[in-house]
Participant: 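My questions will all concern the structure given below.
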Amino acid sequence: MSTPSTTTTAAVTRAEYCVIACAEAWRDNGEVLASPMGLVPSFGARLAKRTFSPDLLLTDGEAMLVGLDGSAEGWLPYRRHLTMVTGGRRHVMMGASQIDRFGNQNISCIGDWEQPARQLLGVRGAPVNTLNNPVSYWIPKHSTRVFVERVDMVSGVGYDRAEAAGVTRFHRLPRVVSDLGVFDFTGPGHAMRLASVHPGVTVEQVRAATGFELAIADDVPYTREPTPEELRLIREVIDPKGLRDREVRV
């Protein structure tokens with residue numbers, strides 16, 4: 001009898017739960033362009049395409065559509081990329097320097113706009129992304145500095161501001177994934193809700209690391225377990241060098 005490989009029998013790490021949680025963001029998305037930003041979201045998108053979302057389109061992040069092995073399958077000029085954005089055929093997973101209870105995201109500056117304490121990336125394409133196609137978020141270090149009561153500047157548009165401006169037709173924030181858990185916006189008035197905690201994390205830890213009051217059910221589940229095949233793909237095919245552990249440090 002053969003001995004099971006340690007590749008699939010070693011304990012699941014926090015980083016691997018995060019990859020699974022990110023992958024789930026693209027479940028049932030169909031033929032849309034997955035635009036992950038960060039290592040763990042990138043691994044999640046590739047896992048989703050290899051398993052339960054085979055119609056996903058992957059990109060090299062610049063100008064090409066790529067296959068599962070990274071080889072170029074087609075040209076993706078900027079004008080076509082923008083057409084996909086404005087047509088809703090794209091699901092981005094962005095980062096956030098700050099995010100509030102309604103999903104307003106800040107990647108521009110910390111502090112007052114007139115004289116910020118810290119200059120960040122800038123607004124970039126966040127407003128267009130959030131108003132035209134689904135946008136999820138990946139936050140590798142959950143803290144009260146990131147999950148804030150009110151963002152210092154709105155880059156990505158949250159539910160409250162989209163509703164106030166009457167631009168909700170294509171606005172959708174499917175999920176937020178952090179190193180502590182998974183969140184959606186099914187709380188009162190589209191407030192952020194704790195959907196699951198990663199194994200080894202408690203609800204109290206999440207509360208303490210969040211700068212606003214989360215909507216929390218009486219019984220919060222754990223993030224789902226990866227299947228043996230998903231673990232094999234993560235460890236042997238998608239990220240054999242273990243780069244995921246550099247982004248999620250426990």
Side-chain angles (χ1 to χ4, degrees), residues 18 22 25 35-41 61 78 81-82 85-86 90-195 201 204-216 246-249:
C18 290
C22 288
S35 293
M37 300 179 186
L39 285 173
V40 167
Y78 199 57
H81 199 143
L82 287 177
V85 171
T86 56
R90 181 176 181 241
H91 183 168
V92 188
M93 182 168 278
M94 299 174 65
S97 299
Q98 293 178 327
I99 191 168
D100 68 22
R101 75 178 71 219
F102 296 110
N104 295 292
Q105 169 246 30
N106 175 22
I107 53 172
S108 186
C109 65
I110 301 298
D112 184 75
W113 168 252
E114 297 296 330
Q115 191 171 0
R118 186 178 179 189
Q119 180 66 51
L120 305 174
L121 288 173
V123 173
R124 311 282 292 199
V128 174
N129 287 343
T130 48
L131 294 180
N132 286 279
N133 53 238
V135 174
S136 294
Y137 292 105
W138 160 241
I139 298 167
K141 189 169 180 55
H142 192 126
S143 75
T144 54
R145 295 177 64 181
V146 179
F147 288 76
V148 296
E149 183 66 40
R150 182 181 178 87
V151 298
D152 291 338
M153 179 181 174
V154 176
S155 302
V157 181
Y159 278 100
D160 57 341
R161 288 177 177 270
E163 289 172 2
V167 288
T168 60
R169 184 179 179 187
F170 303 114
H171 178 268
R172 187 164 71 89
L173 307 178
R175 66 172 43 194
V176 176
V177 180
S178 81
D179 60 332
L180 298 184
V182 180
F183 309 81
D184 59 28
F185 292 92
T186 61
H190 287 296
M192 192 183 296
R193 180 188 73 103
L194 178 59
V201 177
E204 289 69 29
Q205 282 179 282
V206 177
R207 276 200 179 105
T210 304
F212 54 84
E213 187 175 349
L214 280 166
I216 299 177
R246 296 184 184 179
E247 202 161 75
V248 181
R249 299 178 183 273

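The residues of the chain are indexed from 1 along the displayed sequence.
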Participant: Which residues pass the side-chain hydrogen bond (donor to acceptor under 3.5 Å, both in side chains) test with D184, not counting sequence neighbours?
Facilitator: T186, R193

Participant: As an exercise, state the distance from CD1 of I107 to CE of M94, rounded to the nearest 0.5 Å.
Facilitator: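 Result: 4.0 Å between the selected atoms.
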
Participant: By side-chain contact (heavy atoms from CB on, under 4.5 Å), which residues pair with R150, not counting sequence neighbours?
Facilitator: R161

Participant: Could you tell me which residues satisfy side-chain hydrogen bond (donor to acceptor under 3.5 Å, both in side chains) with T130, sequence neighbours excluded, listed by chain and number?
Facilitator: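 Applying side-chain hydrogen bond (donor to acceptor under 3.5 Å, both in side chains) to T130 gives none.
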
Participant: Which residue in the set I99, V177, L194 passes side chain to side chain contact (heavy atoms under 4.5 Å, CB included) when paired with F183?
Facilitator: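 Running side chain to side chain contact (heavy atoms under 4.5 Å, CB included) over I99, V177, L194 with F183 returns exactly one hit, L194.
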
Participant: If I take atom NE2 from residue H142 and atom CZ from residue R145, how far apart are they, to the nearest 0.5 angstrom?
Facilitator: 14.0 Å

Participant: Where is the tightest heavy-atom contact between V148 and T144, given as atom of each residue plus distance?
Facilitator: CG1-O, 3.4 Å

Participant: Report the residues that fulfil salt bridge (charged side-chain N to carboxylate O under 4.0 Å, His left out) with E163, sequence neighbours left out, ordered by chain and then residue number.
Facilitator: none

Participant: Closest heavy-atom contact between V146 and A96?
Facilitator: CG1-O, 3.6 Å

Participant: Return the minimal non-hydrogen interatomic distance between A126 and G156, and the atom names on each side.
Facilitator: CB-N, 3.6 Å

Participant: How far does SG of C18 sit from CD of E247, to the nearest 0.5 angstrom?
Facilitator: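 Answer for the SG-CD pair, C18 versus E247, is 9.0 Å.
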
Participant: For the atom pair CG (D100) and CE (M192), what is the distance rounded to the nearest 0.5 Å?
Facilitator: 7.0 Å

Participant: Are the side chains of H91 and P174 in contact, using a 4.5 Å heavy-atom criterion?
Facilitator: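 A side-chain contact under 4.5 Å exists here.
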
Participant: In Å, rounded to the nearest 0.5 Å, how long is the span from CG of L131 to CZ of R172?
Facilitator: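 These two atoms lie 14.0 Å from each other.
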
Participant: Do you know which two heavy atoms are closest between L173 and Y137, and how far apart they sit?
Facilitator: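 For L173 and Y137, the tightest heavy-atom pair comes out as CD2-CE1, 4.4 Å.
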
Participant: Kindly indicate, with the supporting measurements, whether the criterion side-chain contact (heavy atoms from CB on, under 4.5 Å) is fulfilled by V123 and M153.
Facilitator: CA-CA 9 Å; V123 173; M153 179 181 174; 3.3 Å; yes

Participant: Check S178 against F147 and note the closest heavy-atom contact, atom names and distance.
Facilitator: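 Scanning both residues completely, I find the closest heavy atoms to be CB-CZ, 4.3 Å.
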
Participant: What are the two closest non-hydrogen atoms of P41 and M93, and how far apart are they?
Facilitator: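 So the minimum-distance heavy-atom pair works out to CB-SD, 3.7 Å.
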
Participant: Step by step, would you call D179 with R249 a side-chain contact (heavy atoms from CB on, under 4.5 Å)?
Facilitator: CA-CA 8 Å; D179 60 332; R249 299 178 183 273; over 6 Å; no

Participant: Atom CD of residue position Q205 - does it have more than 12 heavy atoms of other residues, nucleotides or ligands inside 6.0 Å?
Facilitator: yes

Participant: How far apart are the C-alpha atoms of M37 and W138, what are their side-chain angles, what is the distance that settles it, and do they pass the side-chain contact (heavy atoms from CB on, under 4.5 Å) test?
Facilitator: CA-CA 8 Å; M37 300 179 186; W138 160 241; over 6 Å; no

Participant: Going through the distances and angles, do D152 and I110 end up as a side-chain contact (heavy atoms from CB on, under 4.5 Å)?
Facilitator: CA-CA 6 Å; D152 291 338; I110 301 298; 3.7 Å; yes

Participant: Provide the full list of side-chain hydrogen bond (donor to acceptor under 3.5 Å, both in side chains) pairs with a residue in residues 105-115, sequence neighbours left out, each pair given once.
Facilitator: Q98-N106

Participant: Under the ring-ring contact (aromatic ring centres under 6.0 Å, His included) rule, collect the residues that match up with Y159, sequence neighbours excluded.
Facilitator: H171, F185, H190

